[in-house]
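The analysis underlying the following values was restricted to heavy atoms, covering all of them including side chains, and did not include hydrogens, waters or symmetry mates. As the structure is a prediction and not an experimental result, all values here were calculated from the model. By convention in this document, chain letters (A, B, ...) are assigned in the order of the sequence lines, proteins followed by strands, and residues within each chain are numbered from 1.
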Amino acid sequence: MAYTVPRPNLNWRERMYLPAIAAGLVITLKHFKNMIFGRTKVTMQYPEEKWDSSLPEHYRGAPALVRDADGRVRCVACQLCEFICPPRAIKIIPGEIPSTDRFAKVEKHPDEFDIDMVRCIFCGMCEEVCPEQAIYLRKDYAITGFTREEMVHHKEKLLEIGGVMHGVVLKWNEKK
Amino acid sequence: MDSFFITTSLLKIIGMIFVVILPMVSYAVYAERRVSALIQDRLGPNRVGPAGLLQPIADAAKFLLKEDFTPASVNTFYYWLAPGLAMVPAITTIAVVPFGSTLLGVPMVIADINVGILYVFAIASLGVYGIVLAGWASNSKYPFLGGVRSSSQMISYELSLGLAVIPVFLLVGNLRLTNVVRYQIEHGWMIAPFVGDWTNPGKWLLAIPMLIAFFVFMIAVFAETNRLPFDLPEAEQELAGGYHTEYSSMKFALFFLGEYAAMITGSAIIVTLFFGGWHLPLPSWHGGFHWAVVDGSAPGWHGVLGGLFNMATFFAKVAVLIFIFMWVRWTLPRFRYDQLMRLGWLFFFEIALANIFLVAIILAYLPN
């Protein structure tokens, strides 16, 4: 059914438009002035200013391997993270620890540990599943590369991001 | 035609186009982007060079390097002609505008002809051909609509544009733009008669119709240069760019340059007609208070400095007007087409016409 939209009745001042135009000009000039004198908050200027200092503790950035206080790679190559990883981004090739090693009783360590950052969805399942607290999601978020190969984080890169973690799991100490 | 005249004229033309207009156009584009950003609480281009000041150069390089694509279905000859036709009139108009007093005895106006403002209107209205031809030659519906809109808009606003300045010439009695400036130096600026014989109450009475003339002329210039709120020929949202939809690369840039050059020329004419051109009154207390006139007539380096000061004054005034153009653009929404026509024919035309009679009556009955 046809319906006529009721139009508001404007008084002569509103119909003249000029006061409204002047008011609009004043508003835009106020914005202009506030920007000039730096009184307006603007967008973060990304490459110069970064989130890094204000990232929360629970931020889920790139996954990384950590070492313990003794400098041992915590990962024992159990492959649970490889198994749980939803996009199958993790590839682990386990290797044996020689019996002469100080941590020989750990038995295994990863010979290769690759995380394909093209595939990784930053879900944090690997961190959650790890019985050794060896893999953590750190605060790196700008993962870039020119090729797919560059986007794969190898063991060295993962350890470099991870650094040392003083955790609660100390079960591989000699005393235990 | 002595060789001195030819040499100085050539120098003035080349200087005006390549040192003043073209850099001013490209920095007007930069200023437009920065001003719009600041009004909208953004920062605008600030990456290329310090504070983004090299952005126009990057833009020019990009325009030059882009593929110059000509669609298959266009009328090639007119398609190629249109961008030039949009650009040339806008630049040519500046020839009669005095942009300074004198420099080393050379008058700072390219062509001081006695039909000044008529020349301006004649050339400026040619600019519409560029747009209409672009719209028609593109053989595409949106450019076509843009071209049609442009032509009817120009016809509507040309009238009020022409009528609005008649009061100025009623007062000056001469169409030569240098004489308009000379008159304003002696009798005070058209819309602010505080210099010259500023104690004369008749001057202040005349300032009222002059203010009306100024506003009508300014609005008509907005419409003539296709600036918001009258940018219906390009109307990005409804016409996808309007007359220049089918253009790319340097041809598109020429339309852009033409639009901004027209804006600069329009501002220059407004400054000349209503704001005293290159004149800036300086208070002086030598032998009682009066307004001193600085120009390039003094001998030696005083004269050179004076001439440069006048040119700086002129372009500063132009810059202020360009800022007003931008300020209005980023404040007001676009008019609907029928509103635009209604405004042009039913309001500005009548106001300008009534204003002429008002000035004529004041001049007839005002004892000087």
Side-chain angles (χ1 to χ4, degrees), chain A residues 1-56 59 61-62 139-147 150-151, chain B residues 30-52 55 208 211-212 214-216 218-220 222-223 227-231 319-336 338-344 346-348 350-351:
Chain A
M1 200 186 86
Y3 174 71
T4 310
V5 180
R7 304 256 173 198
N9 280 321
L10 305 177
N11 60 29
W12 67 270
R13 212 165 150 264
E14 286 166 329
R15 247 180 299 148
M16 214 167 65
Y17 294 120
L18 292 177
I21 286 176
L25 287 171
V26 169
I27 287 172
T28 43
L29 192 66
K30 210 182 287 168
H31 279 265
F32 183 78
K33 206 182 63 200
N34 285 344
M35 276 299 282
I36 290 272
F37 293 115
R39 270 180 258 148
T40 314
K41 258 193 177 169
V42 291
T43 326
M44 180 182 283
Q45 295 299 295
Y46 171 64
E48 289 88 26
E49 301 167 19
K50 282 187 177 176
W51 275 105
D52 298 10
S53 59
S54 52
L55 286 178
Y59 186 81
K139 292 183 180 179
D140 307 67
Y141 51 85
I143 314 293
T144 55
F146 287 108
T147 58
E150 270 179 59
M151 291 295 285
Chain B
Y30 166 75
E32 173 104 60
R33 292 174 68 185
R34 279 317 278 265
V35 168
S36 70
L38 293 178
I39 283 175
Q40 297 169 346
D41 295 347
R42 297 183 285 116
L43 285 175
N46 62 350
R47 292 283 151 188
V48 192
Q55 184 71 40
I208 299 163
L211 212 58
I212 298 172
F214 163 67
F215 276 115
V216 173
M218 180 98 175
I219 290 163
F222 273 105
R227 294 284 298 178
L228 262 163
F230 304 113
D231 72 333
V320 169
L321 269 173
I322 289 172
F323 173 75
I324 292 173
F325 268 77
M326 289 168 186
W327 180 22
V328 170
R329 170 168 179 184
W330 296 99
T331 303
L332 300 182
R334 184 179 306 126
F335 279 102
R336 220 169 50 213
D338 58 320
Q339 292 171 333
L340 173 97
M341 284 294 157
R342 213 168 98 88
L343 265 179
L346 295 185
F347 291 96
F348 293 133
E350 274 77 2
I351 291 172

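- The existence of a salt bridge linking B:R47 and A:E48 is confirmed by a sub-4.0 Å separation between a basic side-chain nitrogen and an acidic carboxylate oxygen.
- Among all heavy-atom pairs drawn from A:M151 and A:T144, the shortest one is SD-C, 3.4 Å.
- Of the two parts of A:I27, neither the backbone nor the side chain holds a non-hydrogen atom closer than 4.5 Å to a non-hydrogen atom of chain B.
- Of the atoms belonging to B:W330, it is backbone heavy atoms, and not side-chain ones, that fall under 4.5 Å from chain A.
- The structure places CD1 of B:I39 at 11.0 Å from CZ of B:R329, a figure rounded to the nearest 0.5 Å.
- Using a distance-only test at 3.5 Å, with no hydrogens or angles considered, no donor-acceptor pair links the side chain of B:Q339 to the main chain of B:F335.
- When heavy atoms are compared at a cutoff of 4.5 Å, B:F215 does not approach chain A at all.
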